[in-house]
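Letters A, B, ... mirror the listed sequences (proteins, then strands); counts begin at 1.
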Amino acid sequence: MDKTFQPAEIETRWYQEWEAQGYFAPQGGDRAYSIMIPPPNVTGSLHMGHGFQEAIMDALIRYHRMRGYNTLWQVGTDHAGIATQMVVERQLEAAGTSRHELGRDEFVQKVWEWKEQSGGTITRQLRRLGASLDWSRERFTMDPGLSEAVQEVFIRLYKEGLIYRGQRLVNWDPALHTAISDLEVISEEEQGHLWHFSYPLAGGEGHLTVATTRPETMLGDTAVAVHPEDERYTHLIGRTVALPLTGREIPVIADDYVDPEFGTGCVKITPAHDFNDYEMGVRHGLPMINVLTDDATINDEAPEPYRGLDRFEARKRIVADLDALGLLEKTEHHTLKVPRGDRSGVVIEPYLTRQWYVDARAMAGPAIEAVENGSIQFVPKNYENMYFSWMREIQDWCISRQLWWGHRIPAWYDDAGNFYVGASEEAVRKEHGIAADVALRQDDDVLDTWFSSALWTFSTLGWPEETEELKIFHPSSVLVTGFDIIFFWVARMIMMTLHFRQEVPFHTVYVTGLIRDEEGQKMSKSKGNVLDPIDLIDGIDIESLVKKRTAGMMQPRLAKRIETATRKQFPDGIAAYGTDALRFTFYSLASTGRDIKFDIGRIEGFRNFCNKIWNAARYVLMNCENEDCGADGSADYSLSLADRWIISRLQETEAEVARALAAYRFDHASQALYEFIWNEYCDWYLELSKPVLWDQDSSSEALLGTRRTLIRVLEASLRLLHPFMPFITEEIWQTVAPLAGKRGPTIMLQPYPTADDKAVDSAANADIEWLKGVIVGIRNIRGEMNIPPGKALTVLLKNGSEQDKSRLEQNAPFLRKLARLEQISWLQDGVEEPVSATALVGDLEVLVPMADLIDRDAELERLGRETEKLHKEVARIEGKLNNASFVEKAPAEVVAKERDKLQAQQQALAKLQEQEQRIRQM
RNA sequence: AGGACUAUAGCUCAGUUGGUUAGAGCGCUACCUUGACAUGGUAGAGGUCCCCAGUUCGAAUCUGGGUAGUCCUACCA
């Protein structure tokens, strides 16, 4: 074995082996456990959020697989309609063409080509993470099978009246030329203006003043509204105003919606271009005049001078023209929320079109109930509130998109404007008796990507067929995802699955926090703070990192800033930490309900942890290979105190890990493992094994007992750790397992260690604590007094109990080795106590005679610090016990505990003060 | 505007039902290449648990009110 752990070669070798051998496929067990991966964008690449979530899923999957569950981790990718289409369109643009030039069929063909070409990236990256996904069952949302499920769902929902087609205002993306759902609109505050315009009353005496942030929509105004009880305006209700620039007259109407306090209390109403105005238009039967085109330029409904102008150009012109007419009263600065498309970034227009909708209100009821009655539980629980509040006010879901990449809507139109929903043109003709000479044209639109994702848990298992897999693996066990897609995906999955399967899609939703950079900023390309999980695994030099972060930047200034910041943070690039270290870092940071600031320092610590494990294994193998380690169980052995103790601690660790995983506390699980392996197995147990292994006089039973324990505890620890660090554990386990009497082609399919209560040995724990106390006490004196580490000390013990005496007798060799002692013995009765530095272990006094090696003043200072601490503590407890109501009201055991504590501390204090006296008299 | 979450060591974070001498990792200081590991070992320093009030014998922990930050939802033209 190398002196340091080298992950790179090990990782690829083992992953290929596992996959080739089919270890990832479900096998065995009556109990099933399944997770459906949130399908990543097929042409995307892995980011830290993926890395984090996949690490968690893989730990759960490996844990259950090892526990003997029939375990499925379903893998697949999403066609990601808008995102993918945009990428390919950009490529076409770069090549000097466009999708419209290609035509629909050829364009879709191009997208498929792009999918074939780049679709492997993310799945390769998933493999690098060690994710034990069942690749033999890989699915894609546009596979024939899944497409069939999509069509089936659409047709059935339509026939049940839960999908309908309607004309209403939608969120229109003028750059992408498609409707999008309300979830895909991001509203953020931006600086804008509030313009006040005069609308003259028809008839010429006076005017109303309206305030607007969007002057261009005035071309489509069909009313002015005031509050019905606003005394300033009640007399005008029912009259009309002459809408400037248009020559139209529009009524003044009354509506509660108007806030008399805001602006002038008069609102211009544009039902075709504003959601609230639309509602009011419907209430009052107002005409709806659409003045925009698909591109958000002014259309022919508007007066001639404005036709063909871009909306923002039109805005300027209208303000200028109104000003010229003396109708612009004032312009105020105003911050407003501007809705932008989450993909395109352009301002979204409320736009009147015909679209397909899912009646989400009807489907939300059972979905709310499933969470209320606990059929589905969110971890952490507070996300349930978020879910409820959204579900209770859910809007109908606009599912049609004016794109070419996606599941085409299974509806056909005839020239008379009738439409028919069915599986195919033939099916539609047959069902509705449409003659062959009647032309039918399929709907041009495709479905929202989330429509197919909503079916993911059951469509991947073969639905609408009643497959065996559906029976076994559905509902799935847990969904692991970020809170940002609870509405997009989780809620819709719950609705769809309940409707079509009459069962929940999953029992638990584990909601992870967001991975942010070390300053708590969201990672984004434009901020240039993105970390690629693969770079943390393989490492990257600074030049490549800078290049990667600044590639494709539109603004050179931004690129410069990113470069400077990157060079400052990573002057030497990023080291290769390996997958296991990265994964363990994710676990250690995964406390629930909290975003994660990813600090690069953490991963280094866990890389070191890998190295520690590696070297511990080297030590164990060095002492066990080619030796009898009790693998066949034939020879007699005896267990030392240390052996019994580490076995006992292993059980406790196993219990702790199980507890943590049951609660999705990966941070606790990782911490328990880290502490056990490093602070107990390596720091203490391996050291305690040395006096046995290196002693010429050790009995063969003792040697065997120690070797046996060394190897078996290591072997079990590797299995315990495997779900979190799959690669290093497999690599070491292959060599270690046979020595521990275990065989198998892979650690992956070995049983997961479970705690054996009978092996918990509290006496051994107490004895080791004593041993540690004595050693640490002596080390402390050595460290504080600057006694050279090589100098062997003579130590005297004083005031010991019978138990102390027997403990010393049994452990003297360990003390000598670990504390570097020449001799350790009891202070003889009647012998003058030498002036010493003192450590206390309970009542036992550990004396290091000062002779000439200890500095008198240094020891006095050290004792001073100790006694000061004790003084404070004694005073604190005395205060408590002198409080009558504490003694009276606190539970007796608490009071007794305080009394014991006080006594112990007082004794300790007295002893140290005595020592202080003796030294002073020197 | 409504709601959720967060505030603990220089930094990143743990802290179960109120009773701990408030912990870990990183960083820092000193010493050490001892036959697994310097990606290491030993020892040490470092905290007004955001503030105020309350409940309680007792509060990092419970309640109320602030302050600061993050996020979600809705939105006034």
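Contact check, A/Lys901 against B/rU21: a side-chain N or O comes under 4.0 Å of OP1 or OP2. The phosphate of B/rA30 has neither OP1 nor OP2 within less than 4.0 Å of any side-chain N or O from A/Arg779. Put simply, A/His334 has a side-chain N or O that comes within less than 4.0 Å of OP1 or OP2 on B/rA77. An OP1 or OP2 oxygen of B/rU21 is reached within less than 4.0 angstrom by a side-chain nitrogen or oxygen of A/Arg876. In this structure, A/Lys522 does not reach the B/rU70 phosphate: none of its side-chain N or O atoms is under 4.0 Å from OP1 or OP2. Residue A/Lys597 places at least one side-chain N or O closer than 4.0 Å to OP1 or OP2 of B/rU12.
The separation between A/Arg659 atom CZ and B/rU16 atom C1' is 10 Å, rounded to whole Å. In this structure, the CZ atom of A/Arg516 is 16 Å from the C1' atom of B/rC13, given to the nearest Å. Taking atom CD of A/Glu893 as the reference point, atom P of B/rU20 lies 13 Å away to the nearest angstrom. Rounded to whole Å, atom C1' of B/rU39 lies 15 Å from atom CG of A/Asp580. One interatomic measurement links the two molecules: CG of A/Asn171 to C1' of B/rA74, which rounds to 14 Å at whole-angstrom precision. Separating the CG atom of A/Asn608 from the P atom of B/rG41 is a distance of 9 Å, rounded to the nearest angstrom. For the pair A/Asn382 CG and B/rA4 P, the interatomic distance rounds to 10 Å; values are reported in whole Å. Taking atom NZ on A/Lys3 and atom C1' on B/rA38, their separation rounds to 9 Å, with Å as the unit.
Within 4.0 Å of A/Trp195, counting heavy atoms only, lies no atom of the nucleic acid at all. Residue A/Asp274 is classed as having no contact, given no heavy-atom separation below 4.0 Å to the nucleic acid. Among the protein residues, A/Leu621 comes within range of no part of the nucleic acid, since none of its heavy atoms lies under 4.0 Å from any strand. Residue contacts shown for A/Glu687 include a base, since a base heavy atom lies under 4.0 Å away. A/Asn780 comes within 4.0 angstrom of the backbone, heavy atoms only, and of no base. Nucleic acid contact class of A/Pro788 (heavy atoms, under 4.0 Å, all strands): none. Note on A/Glu888: nothing from the nucleic acid sits closer than 4.0 angstrom, heavy atoms only. Using a 4.0 Å heavy-atom distance criterion, A/Ser389 is classed as making no nucleic acid contact. Across all strands shown, A/Cys610 has no heavy atoms under 4.0 Å from either base or sugar-phosphate atoms. Nucleic acid contact for A/Arg865: none, since no nucleic acid atom lies under 4.0 Å from a heavy atom of the residue. Note on A/Trp614: nothing from the nucleic acid sits closer than 4.0 angstrom, heavy atoms only. Using a 4.0 Å heavy-atom criterion, one finds that A/Arg392 contacts no nucleic acid atom at all.
Annotation: of the two residues near RNA chain B, A/Leu336 and A/Gly783, the 5′-most nearest-nucleotide partner is A/Gly783. Comparing A/Glu675 and A/Trp678 along RNA chain B, the residue whose closest nucleotide (by nearest heavy atom) sits nearer the 5' end is A/Glu675.
Candidate nucleotides B/rU20, B/rU12, B/rA43 were compared by shortest atom distance to the side chain of A/Lys880, and B/rU20 ranks first. Nearest to the side chain of A/Tyr257, among B/rG41, B/rC57, B/rC76, sits B/rC76. Listed nucleotides: B/rG35, B/rC76, B/rG41. Nearest to the side chain of A/Asp259: B/rC76. The side chain of A/Leu589 approaches B/rU12 more closely than any other nucleotide in the set B/rU12, B/rU20, B/rA36. Distances from the side chain of A/Pro789 to the nucleotides B/rC57, B/rA14, B/rC31 place B/rC31 closest. Here the nucleotide nearest the side chain of A/Phe262, chosen from B/rC37, B/rU20, B/rC76, is B/rC76. Of all nucleotides listed (B/rG15, B/rC32, B/rG19), B/rG15 comes nearest to the side chain of A/His668. Relative to the side chain of A/Ala616, the nucleotides B/rC72, B/rA77, B/rA36 differ in distance, and B/rA36 lies closest. Listed nucleotides B/rC57, B/rU20, B/rA36 differ in distance to A/Ala890; the shortest reach to its side chain belongs to B/rC57. For A/Lys690, counting side-chain heavy atoms from C-beta on, the closest listed nucleotide (B/rA36, B/rA30, B/rC72) is B/rA36.
A side-chain N or O of A/Thr270 and one of A/Asp221 form a donor-acceptor pair less than 3.5 Å apart.
Taking the six-membered ring for Trp, A/Tyr674 and A/Phe606 have ring centres closer than 6.0 Å.
B/rA59 and B/rC52: their P atoms are spaced 14 Å apart (whole Å).
Residues A/Pro789 and A/Arg820 come closest through the heavy atom pair O-CD, 3.0 Å. Considering every non-hydrogen atom in both A/Arg232 and A/Gly265, the closest pair reads NH2-CA, 4.0 Å. Residues A/Val657 and A/Ala669 approach most closely at CG2-O, 4.1 Å, considering heavy atoms.
Under the Watson-Crick or G-U wobble criterion, with both distances below 3.5 Å, B/rC37 is left unpaired in every strand shown.
Side-chain contact check for A/Leu183 versus A/Trp397: every heavy-atom pair is 4.5 Å or farther apart. Taking 4.5 Å as the limit, every side-chain heavy atom of A/Ile394 sits out of range of all side-chain heavy atoms of A/Phe487.
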> Taking it one step at a time, do A/Glu878 and A/Gln906 satisfy side-chain hydrogen bond (donor to acceptor under 3.5 Å, both in side chains)?
Replying inline: CA-CA 10 Å; A/Glu878 275 175 348; A/Gln906 279 171 333; 3.2 Å; yes
